[in-house]
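Worth saying up front: this structure is predicted, and the values here are computed from it rather than measured.
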Amino acid sequence: MLLWPLLLLLTAAGVQSDWLSIDMPSYAYEGDEVVVKCSGERNNRISTLTYYKDGSLLATYHNLSSYTISNARPSDSGSYSCEANRKFFFVYKTEKTRSVWLTVQDLFPPPTLTIRPIEGSSVTVSCDTRLPWNRSDTQLHYSFFRDDHTLISNGSSSEFQIPAIGKGDSGYYWCEVATTSHSVSKQGVPVSGVFLETQPQGGQALAGEPLVLVCSVAEGTGDIAFSWHREDTGEHLGRKQQRSQRAELEIPAVGESHMGRYYCTADNGHGLARSGALNVTVRAPASRPVLTLRVPGTRAVVGDVMELHCEAHRGSPPILYRFYYDDVFLGSRSATSGGGASFKLFLTAEHSGNYSCEADNGLGAQLSEAITLSVTEPPPKIRLINGPHRCEGLVQVEREGHWGTVCDDGWDTKDVAVVCRELGCGAAKHTPPGKLYPPLPEEDQPIFIQVALCNGTENTLAECEQVEMFDCEHSEDAGAVCEAFLPHFT
């Protein structure tokens, strides 16, 4: 009965013990083979053996096996441990090892390329790196390149000469250093000076047109992986890997959705570098504008103030709007946002004709359709009724759509002269009483003016000083007689 409590205690969760051990180096160089070996006091009792790095599973074996890193890299540095399940009597027990830290060091740094002139027109190109003191006997091979052309492949010397340099030797030079087995190979130097620009320049693009994102590096050799990104949305736009210090990504037709902040990255295996952010704006040409003419009434009348409103429903601001009467430039207004712009014009009889407007945001001016406007004389505010012709009769004036009469208090030829002039009749002749032109107005028809105080030079009766009606009847209404036609001068 005492055996089962003991077995339950021994099958509890695995703990670190001396039963299972781990054997591996603490230091290695890139390219080395690193063997991680775990073993127990009685290996035939191990049913499964699991290897871990930094707590993450690497491999599981169902027999006693070691874990091998065939070509170590600095990224293999970390904490290694093992875990084994072993049979103990009739149950299985988990054993764990201690953790061992592995550091993988660079065998040599990325090479530096230098070009030195020597006597005459000869040039020496050097590919320089260095080995650690305890690996100084490692054999290295050197390769030299110009652009995409191989000049020397796997040579034993870190230098080569160009005996007589000429125009054909122009180009981008870089080199590669590798071990004889090529387990370690490094090209040039890490990328730096990553820069993003656009074509067209300045991040300014036209809607519907292509936009090219150009990513370049000031330094960096070998195959470079270029990648383009949107900073504001987190979107990854594309990736290219090529042996060049410059790469392009084209957006075939940009729209408003492409406005935002962009950046690019470059990586040749020696560390990723990022450009600064570039703001891209998309400008759309102004669409053909629509011109609207607005007058106070249903038709344009002399004396009205007309509003000309011009609006392009599409186009990037600011938009400059120009207004025209026939081919005459009237004026311009600028709109820094949507909604168009307006121009006001005081109408005269000479303003009948064609009106148009133009919208221009610097990407091409657009002209509206022409609108024909007819400006008419305002309807008369005065009339003579019940007479033998339009230049004789009872005087009536119009206010707010209603007609009323004028009292004959103080009514004289100066007042009649103004009435005749306003109606386009001839000279004033008489000031008869209005009751001579029956029928008399209805009692409910208003009398608007008690006394008109004209000096005879006014163009309209409305321009004369007036006393509003306070005591008058229609039997006292004023009349007027004018010459029926304007006199002819010879």
Side-chain angles (χ1 to χ4, degrees), residues 22-37 53-54 58 66-80 100-118 122-163 171-194 217-225 241 243-245 266-273:
I22 182 170
D23 181 28
M24 63 178 295
S26 297
Y27 296 93
Y29 286 102
E30 57 181 340
D32 288 352
E33 180 181 87
V34 177
V35 177
V36 184
K37 185 176 181 181
K53 174 179 177 284
D54 298 328
L58 289 175
S66 57
Y67 177 77
T68 301
I69 305 171
S70 59
N71 191 357
R73 290 287 180 265
S75 59
D76 292 316
S77 298
S79 177
Y80 289 79
V100 176
W101 185 270
L102 171 66
T103 300
V104 180
Q105 304 177 59
D106 288 333
L107 182 61
F108 54 85
T112 301
L113 187 76
T114 57
I115 299 178
R116 303 190 309 274
I118 54 178
S122 297
V123 168
T124 296
V125 183
S126 300
C127 188
D128 301 315
T129 189
R130 63 183 183 276
L131 290 165
W133 64 270
N134 55 345
R135 293 293 181 96
S136 59
D137 58 347
T138 302
Q139 288 189 340
L140 298 178
H141 287 171
Y142 300 86
S143 299
F144 294 85
F145 306 87
R146 183 182 68 243
D147 297 327
D148 291 331
H149 304 289
T150 302
L151 303 175
I152 294 179
S153 179
N154 293 322
S156 59
S157 173
S158 63
E159 296 182 350
F160 90 96
Q161 289 187 358
I162 304 174
Y172 173 64
Y173 286 79
W174 55 285
C175 66
E176 180 182 80
V177 181
T179 58
T180 54
S181 64
H182 276 262
S183 60
V184 181
S185 174
K186 295 185 179 180
Q187 301 171 345
V189 296
V191 293
S192 62
V194 183
V217 298
E219 293 183 349
T221 55
D223 290 337
I224 301 177
Q241 183 164 338
R243 193 160 290 186
S244 172
Q245 288 186 307
D267 188 2
N268 63 352
H270 305 302
L272 181 142

Heavy-atom pair of closest approach, residues [X] and [Y]:
X	Y	value
Ala266	Ile224	CB-CG2, 3.9 Å
Leu131	Ser136	CD1-O, 4.0 Å
Arg130	Pro109	O-CD, 3.3 Å
Phe160	Leu151	CZ-CD1, 3.6 Å
Asn71	Gly31	OD1-CA, 2.9 Å
Pro25	Leu102	O-CD1, 3.5 Å

- Task: Scan residues 27-36 for pairs that pass side chain to side chain donor-acceptor pair (under 3.5 Å), counting only residues two or more places apart or in two chains.
- Result: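 For residues 27-36, and leaving out neighbouring residues, the side chain to side chain donor-acceptor pair (under 3.5 Å) pairs sorted by first residue read Tyr29-Asn134, Glu30-Lys186, Asp32-Arg135.
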- Task: Look only at the side chain of Ser122 and the backbone of Pro163, and say whether a donor-acceptor pair between them is shorter than 3.5 Å.
- Result: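 Yes, Ser122 side chain to Pro163 backbone: donor-acceptor pair under 3.5 Å.
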- Message: With a 3.5 Å distance limit and no angle check, can you tell me whether Asp54 reaches the backbone of Ser79 through a side-chain donor-acceptor pair?
- Response: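 Yes, Asp54 side chain to Ser79 backbone: donor-acceptor pair under 3.5 Å.
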State the [atom1]-[atom2] distance between [X] and [Y], to the nearest 0.5 angstrom.
X	Y	atom1	atom2	answer
Ile152	Ser157	CD1	OG	7.5 Å
Tyr80	Lys53	OH	NZ	5.0 Å
Tyr142	Asp128	OH	CG	8.0 Å
Met24	Ser66	CE	OG	11.5 Å
Leu113	Cys175	CG	SG	5.0 Å
Ile115	Ile162	CD1	CD1	6.5 Å

- Item | Audit row: Thr179, Leu140, side-chain contact (heavy atoms from CB on, under 4.5 Å) steps and yes/no | CA-CA 5 Å; Thr179 58; Leu140 298 178; 4.2 Å; yes
Close side-chain approach of [X] to [Y], heavy-atom, < 4.5 Å:
X	Y	answer
Val177	Gln187	no
Thr150	Ser143	no
Glu176	Pro111	no
Trp101	Ser26	no

- Step by step, work out the side-chain contact (heavy atoms from CB on, under 4.5 Å) result for Thr180 and His141. CA-CA 6 Å; Thr180 54; His141 287 171; 3.6 Å; yes
- Item | Ser70-Thr68 side chain donor-acceptor pair, cut-off 3.5 Å |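 No, no side-chain donor-acceptor contact under 3.5 Å.
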- Message: Is it true that, when you exclude Gln241 itself, more than 12 heavy atoms of the residues, nucleotides or ligands shown sit nearer than 6.0 Å to its CD?
- Response: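 Check passes, neighbour count above 12.
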- Between Asn154 and His182, is a side-chain contact (heavy atoms from CB on, under 4.5 Å) present by the stated rule, with each step listed? CA-CA 10 Å; Asn154 293 322; His182 276 262; 3.2 Å; yes
